[in-house]
Trainee: 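After the structure tokens below, expect a handful of questions from me.
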Amino acid sequence: MKVLVIGGGGREHALVRSIAGSRRVSEVLCAPGNAGIAQLARCIPASQRDVDDLLRVTAAESPDLVVVGPELPLSLGLVDELQRRGVAVFGPTRRAAQLESSKAFAKRFMQRHQIPTAAYAVATSEQQAMESMDLFHLPVVIKADGLASGKGVILCETRREASEAISGLMSGKLLGSVQSSIVIEEFLTGEEISFLTLSDGKHVAPLAPAQDHKRIGEGDTGPNTGGMGAYSTGSMLDDQMRDWILHHIAVPAVNGMAAEDSPFVGVLYCGLMMTARGPMVLEFNARFGDPETQAILARLDSDLLATLEACVEGRLSDAELLWKPGASACVIAASSGYPGSYVTGHKISGLEEACRVPGVEIFHSGTGLVDGHYVTEGGRVLGVTAAAATLKQSLSLVYQALDRIQFEGMYYRRDIGRLSLKSA
Ligand code: AMP
Ligand code: GLY
């Protein structure tokens, strides 16, 4: 098979790595890819925000399967267009991807299908939003309706903060684009789990659970990012809890989408808060998580491509996912300044030495190649990943490898997985 992966981050590097390892593959392509992905796949320049460009690449290459990584092309309807042209594609249609691309849609959908989530209100004007505020205790969470790369969620301790968040989102000051709807939500407390599942539109198969670290600072402080590190262990969720989540959240969501004539094929990522009242959905994503995917795939012990194909062909119930026991971890090395503004083009050294740490794989999130040297090209730059018998061992390998890597302004959190280690 010739497989085309859309995207150019660490998640796509991990996907390409797993897909390239399949016996069924003859060639892997990636559009646009990055300098790390180029070691494994032929990279084709393309813009992820330009569906016509991606369609042009697909028409020129005639892949047997397209796997869409990021949310933007999903929300722009790339899958619908490929399906119309008879191309096999892994990912949800634009309508199904609304579970991620519109928080108001997702909240109303969960309410229709009795999926546990925080109490909420949707507002379409500042006045309506301020009136709805009376229904909530503080702290309260204000969310932009549309895609915002993790920047559209504001936790507010006071009414004043909430009112500023509402006007900032609705005027366009906060995100650069005007939000015609916002969601106001009850504040939940507990531990967060990323529960990713695969679906063929009818059946659901859970992936190994993971935990992300969204804040930039150690001890979960500072602004939210796309994710600074993730880990996965065999003991994060017991079988009973996994089955509860599957049957009260993921299966009703997939059945609900099918009942509403938008069958969901792809990754249904359930972002959960494990509250005292039980697991509740913070958000759905319609794609693999980044950096969860790097950690999750490090534990996968069966053929990813065969399972993705089974999803596209509606026969996920025949597919089998096998997991390595033990644990895995991925720690992101970021550019100084991220998630705010940062400078790129810094030379990266020590990658070869770091790869020599046994069990370590380095996924590139934002790198380029200039005169034969890897250079930084994004906010998140590298995802250093390892799987081992225990979480402690995985983290020790990852941090040994990170010690060998350098670039100007390199920043990473030293406390990934630490809370879990304490409770272990
Ligand atoms: P989201 O993009 O909706 O997952 O939100 C990003 C992050 O904001 C989550 O990972 C949580 O850490 C936090 N968050 C979102 N919704 C809530 C909520 N209702 N209560 C507490 N924290 C939340
Ligand atoms: N790591 C969070 C996400 O992919 O949305």
Side-chain angles (χ1 to χ4, degrees), residues 7 9-12 14-15 69-72 74-75 97 99-107 110 116-121 136-157 162 165 169 175 179 182-196 207 209-217 219-232 266-277 279-297 330-332 334 339 363 365 379-380 383 413 416 419:
R11 161 185 54 210
E12 287 77 21
L15 287 169
E71 58 274 26
L72 188 61
L74 295 172
S75 72
L99 280 180
E100 172 167 9
S101 63
S102 167
K103 292 204 189 278
F105 173 88
K107 294 297 284 190
M110 286 188 267
T117 189
Y120 75 100
F136 293 86
H137 296 291
L138 291 168
V140 69
V141 186
I142 311 286
K143 297 185 174 184
D145 180 49
L147 295 178
S149 310
K151 293 176 201 137
V153 174
I154 304 146
L155 309 181
C156 305
E157 304 277 349
L169 288 174
L175 294 178
Q179 295 292 312
I182 57 164
V183 173
I184 302 160
E185 205 175 273
E186 169 196 14
F187 178 80
L188 300 176
T189 53
E191 217 179 313
E192 285 184 47
I193 297 273
S194 303
F195 188 83
L196 280 68
L207 300 180
Q211 188 164 50
D212 187 13
H213 297 63
K214 289 215 167 92
R215 306 289 198 95
I216 187 74
D220 293 327
T221 53
N224 263 332
T225 68
M228 293 303 292
Y231 68 93
S232 170
V267 177
L268 179 67
Y269 166 137
C270 311
L272 306 177
M273 188 74 95
M274 308 299 279
T275 75
R277 288 180 280 161
M280 298 180 95
V281 177
L282 290 174
E283 64 166 344
F284 283 126
N285 291 322
R287 49 162 177 91
F288 284 102
D290 188 342
E292 288 95 329
T293 303
Q294 292 88 313
I296 290 171
L297 293 182
C330 170
V331 176
I332 296 289
F363 296 114
S365 299
R380 292 192 290 177
R413 278 181 61 169
I416 301 302
L419 277 180

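Along the sequence shown, residues carry numbers from 1. Every number for a ligand or one of its atoms is a count from 1 in the order of the listing. What you see is a predicted model; the values in this text were computed from it and never measured.
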Trainee: Side chains of Q211 and Y231: donor-acceptor distance under 3.5 Å anywhere?
Mentor: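 Yes - a donor-acceptor pair under 3.5 Å links their side chains.
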Trainee: I need the contact residues for ligand 2: any residue with a non-hydrogen atom closer than 4.0 Å to the ligand, ordered by chain then number.
Mentor: D212, K214, G226, Y269, N285, R287, G289, D290, P291, E292
Trainee: Do D145 and S102 get their side chains close enough for a donor-acceptor pair, meaning under 3.5 Å?
Mentor: yes
Trainee: Where on E186 is there a heavy atom closer than 4.0 Å to ligand 1, on the side chain, on the backbone, on both, or on neither?
Mentor: backbone
Trainee: Among all protein non-hydrogen atoms, which one is nearest to atom 7 (C) of ligand 1, and what is the separation to 0.1 Å?
Mentor: N224 ND2, 3.9 Å
Trainee: Return the NZ to OG distance between K214 and S194, rounded to the nearest 0.5 Å.
Mentor: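 With rounding to 0.5 Å, NZ (K214) is 5.5 Å from OG (S194).
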Trainee: For F187, counting its heavy atoms only, list the atoms of ligand 1 lying under 4.0 Å from any of them.
Mentor: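 Listed by number with element, the hits are 20 (N), 21 (C).
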Trainee: Could you pull out all residues at least two apart from S365 that satisfy side-chain contact (heavy atoms from CB on, under 4.5 Å)?
Mentor: I332, R380
Trainee: Can Y269 and E100 be counted as having a side-chain donor-acceptor contact under 3.5 angstrom?
Mentor: no
Trainee: Would you call R277-E186 a salt bridge at under 4.0 Å N-O?
Mentor: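 Counted as a salt bridge, because a side-chain N and a carboxylate O are separated by less than 4.0 Å.
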Trainee: Give the single entry among M273, E185, E283, E192 that approaches atom 9 (C) of ligand 1 most closely by any heavy atom.
Mentor: E192
Trainee: Where do D290 and R11 come nearest, in terms of heavy atoms and distance?
Mentor: OD2-N, 3.2 Å
Trainee: Which ligand 1 atoms are under 4.0 Å away from a heavy-atom of K103?
Mentor: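 Per the distance check, 1 (P), 2 (O), 3 (O).
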Trainee: Just to verify, what does E12 make a side-chain contact (heavy atoms from CB on, under 4.5 Å) with, not counting sequence neighbours?
Mentor: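 Counting only residues at least two positions away or on another chain, E12 forms a side-chain contact (heavy atoms from CB on, under 4.5 Å) with V5, I37, P70.
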Trainee: Under a 3.5 Å distance rule, please check whether T225 uses its side chain to pair with a backbone N or O of I216 as donor and acceptor.
Mentor: no
Trainee: Which ligand 1 atoms does K214 reach within 4.0 Å, using its non-hydrogen atoms?
Mentor: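 Near K214, the atoms of ligand 1 are 10 (O).
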Trainee: Which one holds for L282 and ligand 1: side chain close, backbone close, both close, or neither close, with close meaning a heavy atom under 4.0 Å?
Mentor: both
Trainee: Heavy atom to atom 8 (O) of ligand 1, shortest distance: which of L188, V183, V153 holds it?
Mentor: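 When every heavy atom of L188, V183, V153 is considered, V153 comes closest to atom 8 (O) of ligand 1.
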Trainee: With sequence neighbours left out, write down each residue that passes salt bridge (Lys or Arg N to Asp or Glu O under 4.0 Å) with E71, or none if nothing qualifies.
Mentor: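 Partners of E71 by the salt bridge (Lys or Arg N to Asp or Glu O under 4.0 Å) criterion, ordered by chain and then number, come out as R287.
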Trainee: Under 4.0 Å from any heavy atom of K143, which atoms of ligand 1 are there?
Mentor: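 What qualifies from ligand 1 is 3 (O), 15 (C), 16 (N).
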